[in-house]
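Here the structure is laid out as structure tokens; the discussion comes afterwards.
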Amino acid sequence: MEEKVEIKVIDEARQGEATMVKVQETGGKKLYLESYGCQMNFSDSEIVASILAKDGFTTTRNAEEADLVLLNTCSIRDNAEQRVRNRLKHFKSAKVHNPELVVGVLGCMAERLKAKLLEEEKLVDLIAGPDAYRDLPNLIEEVGSGQKAANVLLSREETYADINPVRLSQSGVTAFISIMRGCDNMCSFCVVPFTRGRERSRDPESIVDEAHELFQKGFREVTLLGQNVDSYRWNLTAKGEIKNPEVPTVNFAQLLERVALVSPDLRVRFSTSHPKDMTDEVLHAMARHENICNYIHLPVQSGNSDILKKMNRGYTREWYLDRIRAIREIIPECAISTDIITGFCSETPDQHDETLSLMQEVKYDFAYMFYYSERPKTLAERKYEDDVPVTEKKARLAEIIQLQQQHGLASNRRALGRTFKVLVEGPSKRSDEHFCGRNSQNAMVVFPREAVVAGDYVEVKVTDCTAATLMGELV
Ligand code: 5AD
Ligand code: SF4
């Protein structure tokens, strides 16, 4: 099959840039798919592309020639939703041009707003929640017969374990594997438990098989995805009791190790870790296997224990710092990143200062930082007043961003003169003369092209850096 078309991916939750990625042409009706938000949404889009390929859809990068436009959406903050609503306006003219065009909204916004979205956005013909993608062919048929179509049923079982995702990653080197769906944590600020439903883990055999298959196809890095990977469990209840004595039990540390054993040349990453659930067993598994990357994304959200309690995060500042201590002790070379929210309900200037002081203690290599956006139906919306003025939220955000920039730059400066094993991903964004890839710690490394190809491992000595990138030469 010819590699021809591209799909647009827009990273809102992680505030990245829009990226274009290649997918395989499968022939037939044309689908244009845009993905907003987290890595999980990107991974879901690969499942959607696979389901619709079986239904005869070819993917296209050109919305104008599409028969079907799907936006896979994010609800995490209000501005993520506004962005999708603005984008929808664009397809009004496309519909005038092609009245047969079907426009669908998938994912978190479909789930959160349900039929209201069809009422508010007249242009939208169909909506499908995160657990309803198998129903897309039927929904499209319904629209074909002149009706609007919706399926926003959430499931306690759906993991799409049997669906072989169409790989959208441009390089053919790195891929996502979804290991679980939903979230049971109910952080008070977060809409995800409402949009993605109850937590459920995917059969470990299907995960390991997928990793094997990817490795055989030439992929060299997989990222295991879940809202809280540390609560991955197979054949175990939430309390840790065995469900079926005939079936082996698997926790996240064991799953990680099994994927690492697929091949020493297959790198393994994972996201997201939860401070309340991350065990030393996971850290020891990481330390035992060179191919499990030395990188942990451990969202802290706030440095103040009272705010953490209000956020329903299930840990205190001290507990969190103890987890950082364990990481540093067991995996001394581990890079750590985080998520931080400023201006949560009732946050005082002193409590905000505690977030700054925690950052000073940890010195994160990287951070995703946001100001609080109240989300309908969440615990915080129902219980607490959103009382920090938006100007103050933004001022606090600017402060943490500035501090993080210093820490990020210092982290990259510590890499100067050191040599790292880098997995080559492809040409660098800025120049064809350079290639780029990541080291185990997830830092982007740029180096002269020379005789390497995507998927190779190379040793790079770092000679220079910016806050975002390491530059070096092959050794
Ligand atoms: N407002 C701001 N940030 C939020 N996040 C989740 N919900 C909200 C919200 N209501 C952030 C958290 C989470 C990341 C994915 O998005 O930091 O870890
Ligand atoms: Fe949201 Fe908390 Fe679940 Fe993460 S762990 S998805 S922040 S509820």
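Note that ligands are numbered from 1 as they come in the structure, with each ligand's atoms numbered from 1 the same way. Residue numbers start at 1 and run along the sequence shown. These values consider heavy atoms only, across backbone and side chains, with no hydrogens, waters or symmetry-generated copies.
- In summary, the atoms of ligand 1 found under 4.0 Å from a heavy atom of R375, numbered by their order in the structure, are 10 (N).
- If you check the side chains of S305 and T316, you find no donor sitting under 3.5 Å from an acceptor.
- Between the side chains of D365 and S337, no donor-acceptor pair of N or O atoms lies under 3.5 Å.
- Protein heavy atom closest to atom 4 (Fe) of ligand 2, with residue, atom name and distance, is Q227 O, 4.3 Å.
- Residue contacts with ligand 2 do not include R196, since none of its heavy atoms lies under 4.0 Å from the ligand.
- Of all heavy-atom pairs spanning N291 and A260, the tightest one is ND2-O, 2.8 Å.
- Only side-chain heavy atoms of F370 come within less than 4.0 Å of ligand 1; its backbone N, CA, C and O stay farther off.
- Close contacts between ligand 1 and R77 involve ligand atoms 1 (N), 2 (C), 3 (N), 4 (C), 5 (N), 11 (C), 16 (O) [criterion: under 4.0 Å to a heavy atom].
- For ligand 1, the polar-atom distance check finds no N/O of E374 at less than 3.5 Å from any of the ligand's N/O atoms.
- Atoms of ligand 2 found under 4.0 Å from any heavy atom of P193, numbered from 1 in the order shown, are 8 (S).
- Here the shortest heavy-atom pairing between K276 and R313 reads CD-O, 3.6 Å.
- The proximity of I341 to ligand 1, defined as any non-hydrogen pair under 4.0 Å, is limited to the side chain.
- Here P299 has no heavy atoms under 4.0 Å from ligand 2, in either its backbone or its side chain.
- At least one N or O atom of F189 sits closer than 3.5 Å to an N or O atom of ligand 1.
- Those atoms of ligand 2 with a heavy atom of N185 less than 4.0 angstrom away are 5 (S).
- With hydrogens and angles left out, the side-chain atoms of D277 and N228 include a donor and acceptor closer than 3.5 Å.
- Of all atoms in ligand 1, listed by their number and element, those nearer than 4.0 Å to a heavy atom of I76 are 5 (N), 6 (C), 7 (N), 8 (C), 9 (C), 10 (N), 16 (O).
- Ligand 1 has a nitrogen or oxygen under 3.5 angstrom from a nitrogen or oxygen of S373.
- Side-chain contact, N164 with E213: a donor N or O sits under 3.5 Å from an acceptor N or O.
- Annotation: F189 is not in aromatic contact with Y372 [ring centroid separation under 6.0 Å not met].
- By the criterion of a heavy-atom distance under 4.0 Å, the side chain of C183, and not its backbone, is placed next to ligand 2.
- Ligand 1 has at least one atom lying under 4.0 Å from a heavy atom of Y371.
- Side-chain contact check for N251 and E281: at least one donor-acceptor pair (N or O, by modelled atom type) lies under 3.5 Å.
- Donor-acceptor pairing under 3.5 Å is recorded for the side chains of D135 and N151.
- Contacts between Q301 and ligand 1 below 4.0 angstrom, taking non-hydrogen atoms only, involve the side chain exclusively.
- No side-chain donor-acceptor contact under 3.5 Å links N294 to the backbone of S440.
- Contacts between N228 and ligand 2, counted as non-hydrogen atom pairs separated by less than 4.0 Å, are absent for every part of the residue.
- Atom 1 (Fe) of ligand 2 has as its closest protein heavy atom C190 SG, 2.3 Å.
- Ring-centre distance between F366 and H297: not below the 6.0 Å cut-off.
- Residue C187: an N/O/S atom is found under 2.8 Å from atom 2 (Fe) of ligand 2.
- Under the 30°/60° scheme for interplanar angles, the aromatic rings of Y160 and Y133 are found to lie parallel.
- Near R313, the atoms of ligand 2 lying under 4.0 angstrom from a non-hydrogen atom of the residue are 2 (Fe), 7 (S).
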